[in-house]
Protein chains: 2
Amino acid sequence: MTELTPTPTIEDYLGIIFTLERDGEEVIGARLSELLEVSAPTVTVTLRRMVRDGWINITPARKIELTPKGVDAAKAVIRRHMLTEWMLAKILNLPWSKVHEEAHRIEHSISSEVELSLIDKLDDPALCPHGNPMPGQESISSKWKPLSECITGDKIIIERIHEFLEEDPVLMDYLESNQIVPGKQAVINEILPFNKTITLKNESGIVTLGLDIAKSIYIEKQH
Amino acid sequence: MTELTPTPTIEDYLGIIFTLERDGEEVIGARLSELLEVSAPTVTVTLRRMVRDGWINITPARKIELTPKGVDAAKAVIRRHMLTEWMLAKILNLPWSKVHEEAHRIEHSISSEVELSLIDKLDDPALCPHGNPMPGQESISSKWKPLSECITGDKIIIERIHEFLEEDPVLMDYLESNQIVPGKQAVINEILPFNKTITLKNESGIVTLGLDIAKSIYIEKQH
DNA sequence: CATTCCCTTTAGTATGTACTAATACCATAC
DNA sequence: GTATGGTATTAGTACATACTAAAGGGAATG
């Protein structure tokens, strides 16, 4: 319970743990190691510090659980991340595909005063620019379906690119330049399960996506 | 010459060294120790890393000098600091007295893309919100005189609060609430050298400042 | 049952950034 | 010329964050 404010590293861990918990995924060290791109021993010792400082508990079955204090800190860093993304996108006009990685560095330096000011200027958004829900607004995104579950001919609106896809800047650039961004319409053109691809047609033409990627893109069907 | 990008700590050192050099002050470790509020041995080892990585040279007489690479990095961090201050002040409406310390944390996470966008949105300012010159714009502030050199009855305009005063949040709050901010008018009311104070009168009433502080506040005389 | 796979941990190391205590160096002043 | 004050360094330590190599555990699968 020593630390009052998490370090940037701990904030990164908290954010990922919160998101995994939110999604009902198993929260274990191996997942963090992958998502944070650090070695397994690094995760072991960092989790040890996090337990010591009261951010998480680790069950006998090695599952990681946020403490109430950990939940608060995780929500704060995610809120600041998403608000910073909006600031970069709307106020500074950075490309949609770039705001995540910029915000990821800046988020750790945002005070609650700046956060409140951003909430005010940005009209208290419920979603980030990629359609992911602000902590507490999960119900909004829960009605959308994965793009991977569509069938040929479906008319859809892209609603959400999952947080974990945002980590890949090459993918994000591909999505942006092919108009796979929230609010854009598309029609499912072709699904090739043996090839693990799904092809859609939108304003920018024909776009093919891997099915694994399509599982983390959420859409609304149009009638 | 190992490091491409300075760490936040090194950026702090670079900024202070640049500012001391700009002001013609003696750039030695003891000064850094004071201004950065770290111990002398910490400065010794950090400067050693900075020499190793090509940011500075240390003369046989122990004077610290930025290398060309060090100058570039220092200018960049100061530019980003000042642009961030303006963003916080003009776009997010944070109080003038608070933007320095907020920007001091954020400045290390600003990419050149964000920097360019800020320059655009903020119309390429030549001064920071406290009247200190952007690197390369030193000539603008060189015509102002220290407030401490005024005489009773002088009508003045406050132009600049020196960077090193910005470090004291209590002082900054005092200055803001007494309208000692760039652009504000005042008249010198009383100077008490034996007391080391100078008193002025402005819209907000009568304000007394210590002479040491007044040495780092720059003004323009009105005729 | 043994092998394999996934996961975690231990052991040892490195680096940046901090500290205190003690030492050393130099110039100026008495 | 010795004392003082300002400055810098060495020595030893601490902590957060990273790594590799190696070992250990548990579950599933042949």
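Just so we're on the same page: letters track the sequence lines, and every chain starts at 1. Both backbone and side-chain heavy atoms feed into the values below; hydrogens, waters and symmetry mates do not. Everything numeric here is computed off the predicted structure, so don't read it as measured data.
Here B:A30 lies in heavy-atom contact (under 4.0 Å) with sugar-phosphate atoms only.
Note on A:R31: every side-chain N or O is 4.0 Å or more away from OP1 and OP2 of C:dT8.
Among A:M82, A:Q137, A:E85, the one residue that satisfies the side-chain contact (heavy atoms from CB on, under 4.5 Å) test with A:N132 is A:M82. In summary, of the residues considered (B:E163, B:H100, B:H104, B:H108), a side chain to side chain donor-acceptor pair (under 3.5 Å) with B:H81 occurs for B:H100 alone.
The residue among B:P41 and B:T46 whose nearest nucleotide of DNA chain C is located toward the 5' end is B:T46. Residue order along DNA chain D, read from the 5' end via each residue's closest nucleotide, puts B:E26 first among B:V45 and B:E26.
For the pair B:D12 CG and C:dG16 P, the computed distance is 16 Å after rounding to whole Å. For the pair A:Y13 OH and D:dA16 P, the computed distance is 13 Å after rounding to whole Å. Atom C1' of nucleotide D:dA11 and atom CZ of B:R48 are separated by 12 Å, given to the nearest angstrom. Atom-to-atom, CZ of A:R62 to C1' of D:dG24 comes out at 11 Å; the value is rounded to the nearest Å. In this entry the distance linking CE of B:M50 with P of C:dT15 reads 19 Å, nearest Å. As rounded to whole Å, 10 Å separates atom C1' of C:dT8 from atom CG of A:L47.
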